[in-house]
Amino acid sequence: QVQLVESGGGLVQPGGSLRLSCAVSGFNLDLYAIGWFRQVPGKEREGVSYISSADGVTLYSDSVKGRFTISRDNAKNTVYLQMNSLKFEDSAVYYCATRPSKYGNTWYPWTIKEYRSWGQGTQVTVSS
């Protein structure tokens with residue numbers, strides 16, 4: 001059974017940092033690309049970061065580029081999202097999801113329908 005579990009969210013002050021984890025089970029992580037998305041009430045889910053399966057290519061949305069870093073540890077079946085210099089507008093529920101290899105390499109990994117399995121999300125709140 002495929003399962004993704006996000007953790008590491010919480011309340012942080014502006015300028016602070018958090019590291020989110022996406023623990024996967026039921027499949028080999030190295031066969032899938034992983035995307036991080038976020039969503040606030042009333043808005044569409046937006047792509048934040050992506051890491052490919054084979055060669056570890058990383059991509060970021062313009063809103064987080066230079067502040068967030070995605071990484072993966074296939075041995076631990078876990079993908080991380082290090083978030084630094086957090087802003088009020090980063091507040092959202094963050095989700096990780098798997099992108100099957102059949103979609104191939106991409107420079108635009110934000111198409112939600114290409115993602116197969118999703119975690120339940122973890123809340124990030126940036127507030128003073």
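Asp73 and Thr78 are not linked by any side-chain donor-acceptor pair at a separation below 3.5 angstrom, with hydrogens and angles left out of the test. Checked by atom type, the side-chain pair Ser61/Ser63 shows a donor-acceptor distance below 3.5 Å.
One hydrophobic cluster, built from ILVMFWY side chains closer than 4.5 Å, cannot hold both Val48 and Val5; they sit in different ones. Residues Ile34 and Val124 fall within the same hydrophobic cluster, defined by Ile, Leu, Val, Met, Phe, Trp and Tyr side chains chained together at heavy-atom separations under 4.5 Å. Linking ILVMFWY side-chain heavy atoms closer than 4.5 Å, directly or via other members, places Tyr80 and Tyr60 in two distinct hydrophobic clusters. Linking Ile, Leu, Val, Met, Phe, Trp and Tyr residues whenever their side-chain heavy atoms come within less than 4.5 Å places Val24 and Leu31 in a single cluster. The hydrophobic cluster containing Tyr108 also contains Val57, counting ILVMFWY residues as joined when their side-chain heavy atoms lie under 4.5 angstrom apart, directly or transitively.
Applying the ring-ring contact (aromatic ring centres under 6.0 Å, His included) rule to pairs touching residues 15-58 yields Phe27-Tyr32, Phe37-Tyr115, Phe37-Trp118, sequence neighbours excluded. Sorted by first and then second residue, the salt bridge (Lys or Arg N to Asp or Glu O under 4.0 Å) pairs involving residues 104-126 (not counting sequence neighbours) are Arg99-Glu114.
Two residues are said to be in side-chain contact when any heavy atoms from C-beta on lie closer than 4.5 Å; Val93 and Thr122 fail this criterion.
Residues Met83 and Leu20 share a closest heavy-atom pair of CE-CG, 3.8 Å. Ala33 and Ser52 get closest at one heavy-atom pair: CB-CA, 3.9 Å. Contact between Leu81 and Tyr94 at its shortest, heavy atoms only, is CD2-CD2, 4.3 Å. Shortest non-hydrogen contact noted between Val40 and Ala92 is CG1-CB, 3.6 Å. When every heavy atom of Arg72 is checked against every heavy atom of Ser53, the shortest pair comes out as NH1-CA, 3.5 Å. Contact record, Leu11 with Ser127: CD1-CB, 3.9 Å, taken as the closest heavy-atom pair.
By the side chain to side chain contact (heavy atoms under 4.5 Å, CB included) test, Arg67 pairs with Val64, Ser85, Lys87, Asp90, sequence neighbours left out.
In this structure, OG in Ser117 is found 6.0 Å from CG in Leu4, a value given to the nearest 0.5 Å. Expressed to the nearest 0.5 Å, how far OG of Ser21 lies from CZ of Arg19 amounts to 5.0 Å. One finds the OH atom of Tyr95 at 12.5 Å from the CD atom of Glu46 (value rounded to the nearest 0.5 Å). The OG atom of Ser17 sits 9.5 Å away from the CZ atom of Phe68 when rounded to the nearest 0.5 Å. With rounding to the nearest 0.5 Å, the separation of OG1 in Thr106 from CG in Leu59 is 7.5 Å. The SG atom of Cys96 sits 4.0 Å away from the CD atom of Glu6 when rounded to the nearest 0.5 Å.
Enclosure of atom CG in Asn74 by more than 12 non-hydrogen atoms of other residues, nucleotides or ligands within 6.0 angstrom is indicated. Atom CD of Glu44 has 12 or fewer neighbouring heavy atoms from other residues, nucleotides or ligands inside a 6.0 Å radius.
A donor-acceptor contact shorter than 3.5 Å is absent between the side chain of Thr58 and the backbone of Ile51.
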